[in-house]
Number of protein chains: 2
Amino acid sequence: MATIKDVAERAGVAPSTVSYVLNESRPISPETCRRVRQAVEELGYHPRASARTLRSTRTDVLALALPRTDGSQRAIDGRFAIDISDAARRLGYDLLLTTAQEKAEGLRRVARSGLADAAVLMAVDMEDARIEVVRELAFPAALIGRPADEHALPWTDLDWEAAAFLAVRELAAAGHREIVYLAPTEREVSARRSYALRGIAGARRGAQQTGATVRVVHADGDPARQVPALLGGPAAPTALAVQHGLVLPDILTAAAAAGLQVPEDLAVVAIGSLPDHPSGREQPRIELPVETLAAEVTRLAAAAAEALREPGASPPAQRLLADSVGHLLIPPVLLAEGGIAGPRSR
Amino acid sequence: MATIKDVAERAGVAPSTVSYVLNESRPISPETCRRVRQAVEELGYHPRASARTLRSTRTDVLALALPRTDGSQRAIDGRFAIDISDAARRLGYDLLLTTAQEKAEGLRRVARSGLADAAVLMAVDMEDARIEVVRELAFPAALIGRPADEHALPWTDLDWEAAAFLAVRELAAAGHREIVYLAPTEREVSARRSYALRGIAGARRGAQQTGATVRVVHADGDPARQVPALLGGPAAPTALAVQHGLVLPDILTAAAAAGLQVPEDLAVVAIGSLPDHPSGREQPRIELPVETLAAEVTRLAAAAAEALREPGASPPAQRLLADSVGHLLIPPVLLAEGGIAGPRSR
DNA sequence: CTGTTAGCGCCTTCAC
DNA sequence: GTGAAGGCGCTAACAG
């Protein structure tokens, strides 16, 4: 492996000169430049990341702290991970994955060993062990998900409350009076997942404000069994708002299997559906803006890393830092090509 | 940030002694051990990864080279990424994500800057630019996906050929004579995706061996439109084998919407479905063994990294190395709780 | 505009 | 059983 010394020797200059040329950290004469670049080329030289980091205390790596979740969630988390990786690269960072265990030791280890300049925390709950970790270590971080303490750290999130409210309001506006809000699972609620709590709150507000009956039901992980049960019974709903990116297709399948036409017999609005799902079916929906969230949270994390490099950014200043870096609550957008169908008049 | 020197000072020993204690690279008296550990604790010391790497030329990081794919595949790729991250951690590695661009510069950069000890290449095609890169750089690597040149590098994959064959054979055994094989898209085939080509080959072999009529149709990304078209017509199939992890629910919905009962009117077998999908419906299927593939490919990559550390492992030995490290073709397992339904007698 | 020098933090000989 | 010293590859401070 060629080192900067080899390059310097070959180009007939000092090692530091090579460094200056490559980092453009100082004006260098065109001729020297040319010679250096040629030597680099000929030797196939590439700077060693570890040496650079040791010297400069920057890694150009961001850590992504995934929550520990079950298999099905991993598809969504992974989707984010890849988009965040893209976003990071565009800002000049690589992305290191850490899957959180009980006490976020992965994140702690990465932060303390100086493997990354900042962290992105995915899918944070209202309270989240990872938040404690980054604050304790004064490690720059940005979150996807809106924590209970909104001012502790920069974050981005879809406005789930507004999204659920919007879905209910639009269904009510289309004439529906009996609506079921299919919320995340009980488990997610008792884990105090931010999106779950806020979504339910939004649905409740929608009920209150429209006067429609909104029954909040938790998904139980088995749409094929649960959906028919919901739709039968005396007060059969005419509309369903579903807050679960993955199971929407299964719900449609279940409805179809139960002999219901969508949307004639049952209007369905999806909240937080994944973009790019290859179903041709254009369902009314509020999409989870994965790409936007990924780009924003990455920007915030990178900004936090930069800010900490400025002289005078002492640890106690981090709370202030968070506020100055800012938050981003993304307003929901309802996509409904053909409008929302009303209830079948009967 | 505390350094090894600080710890040494506090414990009243030499820096090297601290190193010995922490790495257990030499017997140290219990008393000294205790004092060192206490100092470590009190100062919150953690060795700096960059310094350790600079010294030892090992990073304890694996790189994951994702293919550039469109959004829908990202859910699957991401699922793998997270499982691989878990597997890596279990072997003592962290995982660095790189999303491949045209010429896999990401991977190249990571390899050359010494950011990782080995790479895992996800979703490799029959021919794949990333393979050239790792071979050219003599960078240890393992693949998910079975490349055309099977002996160049270690790999793991589901045996797609056998999977498709098995699906067709079982459908035929259940009495079906008119079967549609819904294969990956044309685009995937012309990109020479390994799973697509091999799956189709397996379906063809199944047809040949069972005498059933198997029509191979490429998914066009819009099940709601495509499926009814497939199921109508003069020679309506009684069974469908679907090689596409994500669209299965949409296909079931489309079938239901077309007035077909599954499985009475149409038997459906899914090939390469994602595990843990929260659809309650127990569909006959051959699951993509994500966890197994992730664990195996990680093991292979780590082994390749270790092997290259052995003295005498010169670059020309890498091909041999690959063979000694080995491959793993995972046999398909058909999951069909209630057996596979036969065609409705008519 | 370019060269020299010192050290980032760690590990590993080598000497005691 | 312990300590001192050197160097991994790079960059920033200090000459010239």
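Any value given below was found using the heavy atoms of this structure, including those in side chains, with hydrogens, waters and symmetry copies removed. Order of the sequence lines sets the chain letters (A, B, ...), proteins ahead of strands, with each chain counted from 1. This is a predicted model, so every value here is computed, not measured.
Nearer the 5' end of DNA chain C, as judged by each residue's closest nucleotide, is the contact made by A:V13, out of B:R48 and A:V13. Along DNA chain D, the nucleotide closest to B:L54 and the one closest to B:G12 are compared, and the more 5′ of them pairs with B:G12.
The nearest whole Å value for the distance from the CZ atom in B:R52 to the C1' atom in D:dG9 is 18 Å. As rounded to whole Å, 19 Å separates atom P of C:dT2 from atom CD of A:E9. Spacing between atom CG of B:L22 and atom P of C:dG9 amounts to 16 Å, rounded to whole angstrom units. The distance between atom CD1 of A:I4 and atom C1' of D:dC8, rounded to the nearest whole Å, is 14 Å. In this structure, the CG atom of B:D6 is 11 Å from the P atom of C:dC8, given to the nearest Å. Rounded to whole Å, the distance from CZ on B:R58 to P on D:dG9 is 18 Å. One atom, NZ of A:K5, and another, P of C:dA6, lie 13 Å apart when rounded to the nearest Å.
There is no side-chain donor-acceptor pair under 3.5 Å between B:S50 and B:T53. Defined by atom type and a distance below 3.5 Å, a donor-acceptor pair is missing between the side-chain atoms of A:S19 and A:S16.
When the side-chain nitrogen and oxygen atoms of A:T17 are compared with OP1 and OP2 of C:dG3, one or more of them lie within a distance under 4.0 Å. OP1 or OP2 of C:dG9 has not a single side-chain nitrogen or oxygen of B:T3 nearer than 4.0 Å.
For B:Y20 against C:dT13, a side-chain-to-base donor-acceptor contact under 3.5 Å is present. Within 3.5 Å, a donor on the side chain of A:S16 pairs with an acceptor on the base of C:dT4, or the reverse.
Less than 4.0 Å separates DNA chain C from at least one heavy atom of each of the following residues of residues 23-32 of chain B: B:N23, B:R26.
Contacts of B:R55 with the nucleic acid, taken as non-hydrogen atoms under 4.0 Å apart, include base atoms.
Within the model, atoms CG of A:L153 and CG of A:L121 stand 8.0 Å from one another, a figure rounded to the nearest 0.5 Å.
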message = Show, in sequence, the C-alpha distance, side-chain angles and deciding distance for A:R109 and B:D94, and conclude whether the salt bridge (charged side-chain N to carboxylate O under 4.0 Å, His left out) test is met.
response = CA-CA 10 Å; A:R109 191 176 44 76; B:D94 283 303; 2.8 Å; yes
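Side-chain contact between A:I84 and A:L95 is present, with at least one heavy-atom pair separated by less than 4.5 Å. In this structure the side chain of A:V133 reaches within 4.5 angstrom of the side chain of A:L137, judged on heavy atoms.
The side chain of B:A14 approaches D:dG3 more closely than any other nucleotide in the set C:dC10, C:dG3, D:dG3.
A:R130 and A:P67 get closest at one heavy-atom pair: NH1-N, 3.6 Å. The minimum heavy-atom distance between B:F139 and B:D117, with the atom names listed, is CZ-C, 3.9 Å. The shortest non-hydrogen separation linking A:L62 to A:A116 is C-CB, 4.0 Å.
Look at B:R146 and B:E150 and you find a salt bridge, because one of the NZ, NE, NH1 or NH2 atoms lies within 4.0 Å of a carboxylate O, short of that distance.
Between its opening and closing five pairs, the helix from C:dC1-D:dG16 to C:dC16-D:dG1 changes axis direction by 40°, a value rounded to 10 degrees.
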